[in-house]
Amino acid sequence: MTSTLTPQSVERAKPARTGAAPRRRTRVLALPEARWATAATVFFLLALPLQLTGAPAWTWGPLYALSYVTGGWEPGWEGLKALKERTLDVDLLMVVAALGAASIGQVMDGALLIVIFATSGALEALATARTADSVRGLLDLAPATATRLTPDGGEQTVPVEELAVGDTVLVRPGERVGADGRVLDGASDVDQATITGEPLPAAKEPGDEVFAGTLNGTGALRVRVERDASDSVIARIVRMVEEASETKAPTQLFIEKVEQRYSLGMVAATLAVFLVPLAFGEQLTDALLRAMTFMIVASPCAVVLATMPPLLSAIANAGRHGVLVKSAVVMERLGQVDAVALDKTGTLTEGSPRVTDVRPLPGSGLDEAELLTLAAAAERPSEHPLARAVVDAARERGLDLPGAEDFTSAPGVGVTAVVDGRGVAVGAPARLLDGTGSTVTAVSEELEESGRTAVLVLVDGAPAGLLGIADRLRPDAAATVAALTTLTGTAPVLLTGDNPRAAAHLAAEAGIDDVRAGLLPQDKMAAVQELESTGRKVLVVGDGVNDAPALAAAHTGVAMGRAGSDLALETADAVIVRDELAAVPTTVALSRRARRLVVQNLVIAGVFIAGLVVWDLAGNLPLPLGVAGHEGSTVLVGLNGLRLLRETAWQRAAAEGSD
C-alpha cells in the first residue's frame, strides 16, 4: 500500500463565478479502486442478510464469491506480478488470508476482510488523488483564451497555448491574466493570492511582473508575454510537484527494504503459528483461523503508508504557496538543517539595486554620461542584478547604448566587452586590478563606507571611473533571519561577493553577525564545506550563477525563483517562486511537521500491530476484529499524513518559524 501522485489528464474548467478560484476535485467513482470497492461492498451487503436469515447457500454463496472477485482481483493480480519479480507484496498476503478463511468455512469473515481491505485501498487512492487535485487544480486558474494585440492595433482571441514570448495581450477589468509577463501599459490592482499568497491585491504599473491565472482588478493592462504557457509559474508548480511525488524519501526506502525481510519473516511466523498448535493437538480449523488472523494483523500495511502521505502533503501544500520542493528526499532533508547560509544580492536584498553614484576619474577624459554609457553597453548582455542596475540607470538618463562585441563574463569578477572599438571591463575593484591606485582606492572606500557597492570601469586597461550601487534589504529579511535563528538554534551566515563594508552595513540591518564578504563562487562553496565539516547540515539560499556551487555543495539548496538564474534554479533542491524570503523558514517548519507526523504514524502502526499480534497469540482475537483493527490503523495513518494538505498547516508552520 503505497501512495504516489500520478499525472492525470488536465481539462480546463470554467470558474463557477468571476473572481473565484476554481477547485478541482476527483470524483470518488472516477477511481477504479473506488468502483471495485463499491461493487465488493454491495455484493457483501446483499449476501450477509441472506446468510444470517438462514437462506440456502446457493443464494448467498455466489454473492460472496463476487465480493471476493471484485474486491480482491486487483491487489491479487498486482501481488502476483510482484511475486514474479521475486518481491512479496502485502496485498497478496491479504488476499491469501481471505482465501484461507474461506477454505475453512469462514466465508463471511474472508469476504469482510476483502471488503475492508478494498475500501481501505479506495480511501488511500482518493486521498492521494485529492493531494494531486490541490496542486493540479491551479491549472484551472489560467484562462483558456487570451486577447492578443496585433501589430496593426487589432485584437485576436487565441488559446493561451498559442501565445509566444514577445506577444502583447490585453487584460480587461475582471479577467484573469493569460500568461506570465510584464506590464507595458496601464495600471490596475491584481489579486495574486492564488500564486503568491498575498492577502491584498498588488498594484501593477508599467514594468511590473504579472502571473498567469491571477485576477485583474478595475484597470486594463497591456502585458508582454515573457514565458510560454508550459513554463508559466503555475505550470512549473504542477510539473515539479508531480515529479517530486515520484521520488521516495530515505525513510520510505528504508521501510521498503525492511518490508521485504519482514514479509518473509511474517510468512514463516504464520506457518509456525499454524503448525505448532496443530502439532500439540489443536483442531485444524482453529489453528488455520488463528494463523490467518495472525497474517492479517502482522502485515505492515500501516508502516508502509506511514512515510509518503505526510511528505507528499507537505510538498503539495508548499507548491500551492509558490515553493517548489523537487522531491520527497528534499522535503525530508529540509527538516534536518541546523545551519543556514544566505546570499546577499537578490536573496537577502530585493535584487533590484540602483546606481546612486557615477564617478569619472581625473584624467580619464570621460564625463558621467560617457562613463555610464560605456559601462552599460558592456553590462547589457549580463544577467547579474548589478549589471541590470547599470543598464537601467543609463536608460533612465536617456542614453543611447552602442553594441558590445566579444562579451565575456566571469562570475564573481565582472564582465569584459569591446564597445566602439575600446576594451571595457566592469567589475569589483579588487578583482580587476591587482594593485589599485590611490585615487581608485579612495573613491572605492568612500562609496563602501556609505554602504554602497563600488564597481570599477576600465577602458583599454586603465581605470576610467567608479559606480556606486546600492540595494535595499527585503522588508521581511530581518524577520526571516530571526525565524531561521529560532528554527536552527544559530544565526544565519551571510556569504557574498560584495565588499566587506557594504556587506556588514546590510547584515547589521538584517541581524546577521557572521559576514563573509568578497567571496568568489569557489570561496562560497568552500565556506559551506567548512560549515558541513563540523557536522552541520547547511541550508544555502541564493539566486545567482555564482551561488550554484554553494547550492550544490550544501545539504539542501534553495533558489529564489523570480530573479534566480537558470543555473541556480536547476542546481537548487527547492525553488521559491514567489518573491518572499519568509517562505524559507515556513517550508523548513512544514518539513519538520511532516517528519513529526512520520514518527507519529510509525508509532501508531507499531502499537496496532504489536497489540493485535499479542492478542491473537495470547488470547482469541476474532478474525473480523483483527481485520477491522489492521485496516483501521492503515486508514488512520493515511489520513493523519494528509492533515498537512490543509491551509492551516501552512499557517501553523509560518507561526512556528516566527516564534
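Every heavy atom of this structure was used, including side-chain atoms; hydrogens, water molecules and symmetry mates were not.
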inquiry  = Just verifying a value: how many Å separate Ser313 OG and Leu590 CG, rounded to the nearest 0.5 Å?
reply    = 9.5 Å
ask   = Hey, does the side chain of Trp60 reach the backbone of Ala55 with a donor-acceptor pair shorter than 3.5 angstrom?
value = yes
ask   = Distance from Glu74 atom CD to Arg35 atom CZ, nearest 0.5 Å?
value = 9.5 Å
query = Taking all non-hydrogen atoms of both residues, which atom of Pro277 and which atom of Ala272 are closest, and how far apart?
reply = CD-O, 3.7 Å
message = Contact between Phe274 and Thr270 at the side-chain level, heavy atoms closer than 4.5 Å - yes or no?
response = no
Nearest heavy-atom neighbours spanning Leu612 and Leu621 = O-CD2, 3.6 Å
inquiry  = Would Val541 and Leu581 count as a side-chain contact (heavy atoms from CB on, under 4.5 Å) here? Give the steps.
reply    = CA-CA 9 Å; Val541 186; Leu581 189 61; 4.3 Å; yes
note = In terms of heavy-atom contacts, Val107 and Tyr68 come closest through O-OH, 2.9 Å
key: Inter-residue atom distance Leu602.CG - Leu597.CG, 0.5 Å rounding   = 11.0 Å
query = Hey, which of Val558, Thr556, Ile315 is the one that makes side chain to side chain contact (heavy atoms under 4.5 Å, CB included) with Val330?
reply = Thr556
inquiry  = Would the distance check show the side chain of Arg290 and the main-chain N or O of Asn620 forming a donor-acceptor pair, the cut-off being under 3.5 Å?
reply    = no
message = Test side-chain contact (heavy atoms from CB on, under 4.5 Å) on Leu539 and Val584; report intermediate values, then the result.
response = CA-CA 10 Å; Leu539 168 67; Val584 175; 3.9 Å; yes
ask   = Is Glu282 atom CD crowded by more than 12 heavy atoms from other residues, nucleotides or ligands, each under 6.0 Å away?
value = yes
request  = Answer yes or no: is there a side-chain heavy-atom contact under 4.5 Å between Val323 and Trp650?
outcome  = yes
query = What distance separates Leu275 CG from Leu288 CG, expressed to the nearest 0.5 Å?
reply = 10.0 Å
ask   = Arg333 side chain to His555 main-chain N or O, any donor-acceptor pair under 3.5 Å?
value = yes
message = One thing to verify: whether Asp338 and Lys537 come together as a salt bridge, which I'm taking to mean a side-chain N less than 4.0 angstrom from a carboxylate O.
response = no
key: Student check: side-chain heavy atoms of Leu342 and Val481 closer than 4.5 Å   = yes
ask   = Rounded to the nearest 0.5 Å, how far apart are CG of Leu31 and CH2 of Trp36?
value = 14.0 Å
task = Take Tyr64 and Phe43, measure what side-chain contact (heavy atoms from CB on, under 4.5 Å) needs, and give me the verdict at the end.
result = CA-CA 6 Å; Tyr64 276 136; Phe43 289 130; over 6 Å; no
query = Shortest non-hydrogen contact from Leu284 to Leu278?
reply = CA-CD1, 3.8 Å
remark   = Value for CZ (Arg592) from CG (Leu487), rounded to nearest 0.5 Å, stands at 5.5 Å
inquiry  = Between Asn317 (side chain only) and Glu647 (backbone N and O only), is there a donor and an acceptor less than 3.5 Å apart?
reply    = no
query = Quick check: does any side chain N or O of Ser67 sit under 3.5 Å from a backbone N or O of Leu63, one acting as donor and the other as acceptor?
reply = no
request  = Specify the closest pair of heavy atoms between Pro310 and Asn601, including all atoms of both residues, with the distance to one decimal.
outcome  = CG-ND2, 3.6 Å
Sub-4.5 Å side-chain heavy-atom contact between Trp615 and Leu625 = yes
task = Verify, without hydrogens or angle tests, whether Asp476 (side chain) and Ala582 (backbone) share a donor-acceptor contact under 3.5 angstrom.
result = yes
ask   = Do His321 and Thr586 come within less than 4.5 Å of each other through their side chains, counting heavy atoms only?
value = no
request  = Could you pull out the closest heavy-atom pair between Pro49 and Leu45, with the gap in Å?
outcome  = CD-O, 2.8 Å
Exam field: side chain Ser591 to backbone Met331, donor-acceptor pair closer than 3.5 Å = yes
query = Heavy-atom distance under 4.5 Å between the side chains of Glu332 and Val598, does that happen here?
reply = no
